[in-house]
S.K.: 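Structure incoming, see below.
In listed order, ligands and their atoms are each counted from 1.
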Amino acid sequence: MAERFDFLVIGSGVAGLSFALRAAEHGTVAVVTKKASAESNTNYAQGGIAAVMDPADSVEDHIEDTLVAGAGLCDEEVVRIVVTEGPERVRELMQLGADFDRAADGDLHLGREGGHSAHRIVHAADMTGREVERALLAKVREHANIELYEYHFAVELITEHHLGRRISEVYPDLHCFGAYVLDEETGRVLRILAKSTLLAAGGAGQVYLHTTNPGVATGDGIAMAYRAKARVANMEFMQFHPTSLYGSAPEFGGRSFLITEAVRGDGGILLNQAGERFMPEYDERAELAPRDIVARAIDDQLKRRGEDYVWLDISHKPESEILGHFPNIAETLRERFGIDMTAEPIPVVPAAHYLCGGVVVDTRAQTSIAGLFACGEVTCSGLHGANRLASNSLLEALVYAERALEPAVTYAKNQTFNEAVPEWDASRTENPHEWVLVAQNRREVRQVMSNYVGIVRSSLRLARAERRVRMLYQETEDFYWRTTVSSGLCELRNLIAIAYLIVRSAQQRTESRGLHYMTDFPEPDPAERHDTVIEYRLKEEVGP
Ligand SMILES: Cc1cc2nc3c(=O)[nH]c(=O)nc-3n(C[C@H](O)[C@H](O)[C@H](O)COP(=O)(O)OP(=O)(O)OC[C@H]3O[C@@H](n4cnc5c(N)ncnc54)[C@H](O)[C@@H]3O)c2cc1C
């Protein structure tokens with residue numbers, strides 16, 4: 001049995017839902033999502049959406065800020081497109097029902113974040129993502145053309161590979177026919193055939209031990225696309241958020257609680273445990289420096305002083321202002337951790353936050369596989385370059401969801417469903433006694449990445465990480481091909497592919513630029529000012 005849709009959307013964050021609503025005006029849409037539909041990075045976005053909504057602000061300034069953060073690797077055409085089209089996409093979101101904060105005069109209340117030269121962050125208190133997700137999901141649920149498949153895990157993208165064609169050449173002429181999707185309730189793998197497929201499966205923060213990303217962010221979309229031999233680029237650029245609440249991950253199912261940049265934007269200062277303010281030593285913008293600089297400064301303080309966390313202090317501001325701007329953070333800190341941010345400092349550490357690299361797309365969200373489009377954090381569009389400017393990611397997802405529409409609709413019009421796609425091979429067996437391997441290998445890959453491929457890297461550390469990742473790859477592949485498919489096993493396999501991609505990309509960049517810092521190559525090298533495009537070779541290099 002196959003399910004058939006004009007459009008298959010993998011992921012129900014801002015990117016997937018925005019596209020689904022548009023595509024549903026042109027045909028039938030399946031949205032598959034591996035947990036409850038709101039569970040996504042989008043849902044946890046606090047700060048907001050960067051967009052030029054104030055007449056006193058300018059598109060040119062937003063472009064300039066983005067280019068500066070991107071450290072020479074942004075695609076200027078893409079930056080211009082996103083920044084120029086962004087405000088209209090934000091207005092559309094408001095028309096759909098998203099309710100953002102207003103100032104006393106009724107205009108949007110615009111926040112300011114690190115790296116931005118103006119107040120341009122559209123937000124809903126400090127729960128912007130939740131509001132965006134709520135508004136989009138409400139519309140998606142009531143649309144007759146959209147079927148929402150919750151607890152459905154996309155296992156593989158379907159291409160010629162599944163029709164028996166041996167694909168040995170790099171980047172051959174490939175087409176996507178849909179995806180194999182695991183129904184978590186029945187354990188059956190569905191064959192969902194689609195004329196156009198949109199990959200919107202988000203980021204991969206879970207490849208590190210400390211991350212602000214929820215458990216779903218295991219890089220499945222990038223790993224699937226990579227295995228399907230799509231182009232993947234710039235995986236070395238993982239952004240670490242400077243300020244996540246120290247020791248909070250167990251309380252939040254593995255996700256460290258994020259203390260938004262807006263706290264620093266509103267005057268919060270960073271102190272080491274001796275009570276000394278240290279950011280002015282590292283950058284003249286102090287706490288408002290881009291997040292990579294702030295994260296590295298904190299990392300340096302922690303390593304130099306042998307401490308586990310630094311303090312973020314905004315208690316010198318009026319209580320009403322703090323509670324007005326950060327109601328969710330203040331409540332969470334008080335109720336779950338007994339910290340009163342209006343009166344005392346907050347212990348914080350950096351955590352993996354945003355992946356700038358991903359599946360390469362052109363300005364129409366087309367990947368290197370025909371019929372496969374992608375938008376949101378799963379992609380590398382050229383917007384972020386070597387470092388993402390705060391709050392540009394929700395914006396990018398909104399803009400690319402719209403840009404994907406016309407090419408995806410045109411492509412779908414010329415396609416029929418590929419009925420030659422076989423059923424999923426369900427002949428593998430359960431291996432309940434060996435499940436301990438999955439849990440151990442998941443922990444190990446995250447540990448390896450945190451130890452050797454974190455904020456500060458070196459050739460030696462990367463070589464060490466590479467050896468360990470190869471070993472984990474071999475063990476896991478062996479287990480995977482013998483074992484009944486499950487989401488836990490697929491996630492592990494995907495995390496290992498992501499780890500491999502990050503390590504290999506980092507090894508290729510023999511310089512320090514943006515988010516990628518190498519102790520043995522501490523300066524940018526003009527000769528290295530290009531994207532790191534990874535060709536498929538994991539299997540060839542490491543073995544079957
Ligand atoms: C704590 C936090 C705060 C942030 N704050 C901001 C901010 O203020 N401003 C900003 O611009 N950005 C912010 N970001 C980044 C931003 O939230 C994300 O980049 C953006 O929401 C990504 O949207 P997306 O739709 O691409 O992916 P996501 O929102 O992550 O959605 C991905 C979806 O894919 C699904 N999925 C994944 N794998 C599979 C699979 N195998 N099968 C089926 N479904 C799958 C997931 O379940 C999820 O529904 C923040 C991120 C975090 C974690």
S.K.: List ligand 1's nitrogen or oxygen atoms that come under 3.5 Å of a protein nitrogen or oxygen, with the partner atom and distance.
M.R.:
residue: ligand 1; atom: 5 (N); partner: Q46; partner atom: N; Å: 3.4
residue: ligand 1; atom: 8 (O); partner: G47; partner atom: N; Å: 2.9
residue: ligand 1; atom: 8 (O); partner: G48; partner atom: N; Å: 2.8
residue: ligand 1; atom: 9 (N); partner: G48; partner atom: O; Å: 2.7
residue: ligand 1; atom: 9 (N); partner: S391; partner atom: OG; Å: 3.4
residue: ligand 1; atom: 11 (O); partner: G48; partner atom: O; Å: 3.4
residue: ligand 1; atom: 11 (O); partner: S391; partner atom: O; Å: 3.4
residue: ligand 1; atom: 11 (O); partner: S393; partner atom: N; Å: 3.3
residue: ligand 1; atom: 11 (O); partner: S393; partner atom: OG; Å: 3.0
residue: ligand 1; atom: 11 (O); partner: L394; partner atom: N; Å: 2.9
residue: ligand 1; atom: 12 (N); partner: R388; partner atom: NH1; Å: 3.2
residue: ligand 1; atom: 12 (N); partner: S393; partner atom: OG; Å: 2.7
residue: ligand 1; atom: 17 (O); partner: N41; partner atom: O; Å: 3.4
residue: ligand 1; atom: 19 (O); partner: E377; partner atom: OE1; Å: 2.7
residue: ligand 1; atom: 21 (O); partner: T42; partner atom: N; Å: 3.2
residue: ligand 1; atom: 21 (O); partner: T42; partner atom: OG1; Å: 2.8
residue: ligand 1; atom: 23 (O); partner: T42; partner atom: OG1; Å: 3.2
residue: ligand 1; atom: 25 (O); partner: V14; partner atom: N; Å: 3.2
residue: ligand 1; atom: 25 (O); partner: A15; partner atom: N; Å: 3.0
residue: ligand 1; atom: 26 (O); partner: E377; partner atom: N; Å: 2.9
residue: ligand 1; atom: 29 (O); partner: N41; partner atom: N; Å: 3.3
residue: ligand 1; atom: 29 (O); partner: T42; partner atom: N; Å: 2.9
residue: ligand 1; atom: 29 (O); partner: T42; partner atom: OG1; Å: 2.4
residue: ligand 1; atom: 30 (O); partner: N41; partner atom: N; Å: 2.9
residue: ligand 1; atom: 38 (N); partner: D220; partner atom: OD2; Å: 3.2
residue: ligand 1; atom: 41 (N); partner: A154; partner atom: O; Å: 3.2
residue: ligand 1; atom: 41 (N); partner: D220; partner atom: OD2; Å: 2.9
residue: ligand 1; atom: 42 (N); partner: A154; partner atom: N; Å: 2.8
residue: ligand 1; atom: 44 (N); partner: K34; partner atom: N; Å: 3.2
residue: ligand 1; atom: 47 (O); partner: E39; partner atom: O; Å: 3.4
residue: ligand 1; atom: 49 (O); partner: S12; partner atom: N; Å: 3.1
residue: ligand 1; atom: 49 (O); partner: S12; partner atom: OG; Å: 3.2
residue: ligand 1; atom: 49 (O); partner: T33; partner atom: OG1; Å: 3.1
residue: ligand 1; atom: 49 (O); partner: E39; partner atom: O; Å: 3.3

S.K.: I'd like to know if the side chain of S368 reaches the main chain of R231, judged simply by a donor and an acceptor atom lying under 3.5 Å from each other, with no hydrogens or angles considered.
M.R.: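 Checked: pair present.
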S.K.: May I ask you to say whether R336 pairs ionically with E331, meaning some side-chain N is under 4.0 Å from a carboxylate O?
M.R.: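 The answer is no: the pair does not qualify as a salt bridge.
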S.K.: For E3, is there an ion pair with R191 - N to carboxylate O distance below 4.0 angstrom?
M.R.: no
S.K.: State the CG-CD1 distance between L333 and I259, to the nearest 0.5 angstrom.
M.R.: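 Between atom CG of L333 and atom CD1 of I259 there are 4.5 Å.
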S.K.: Keeping the roles fixed (side chain from N213, backbone from Q206), state whether a donor-acceptor pair exists under 3.5 Å.
M.R.: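 Side chain of N213 to backbone of Q206, a donor-acceptor pair under 3.5 Å: no, none is there.
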S.K.: Which heavy atom of H143 sits nearest a heavy atom of A24, and at what distance?
M.R.: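 Of all heavy-atom pairs spanning H143 and A24, the closest is CE1-CB, 3.5 Å.
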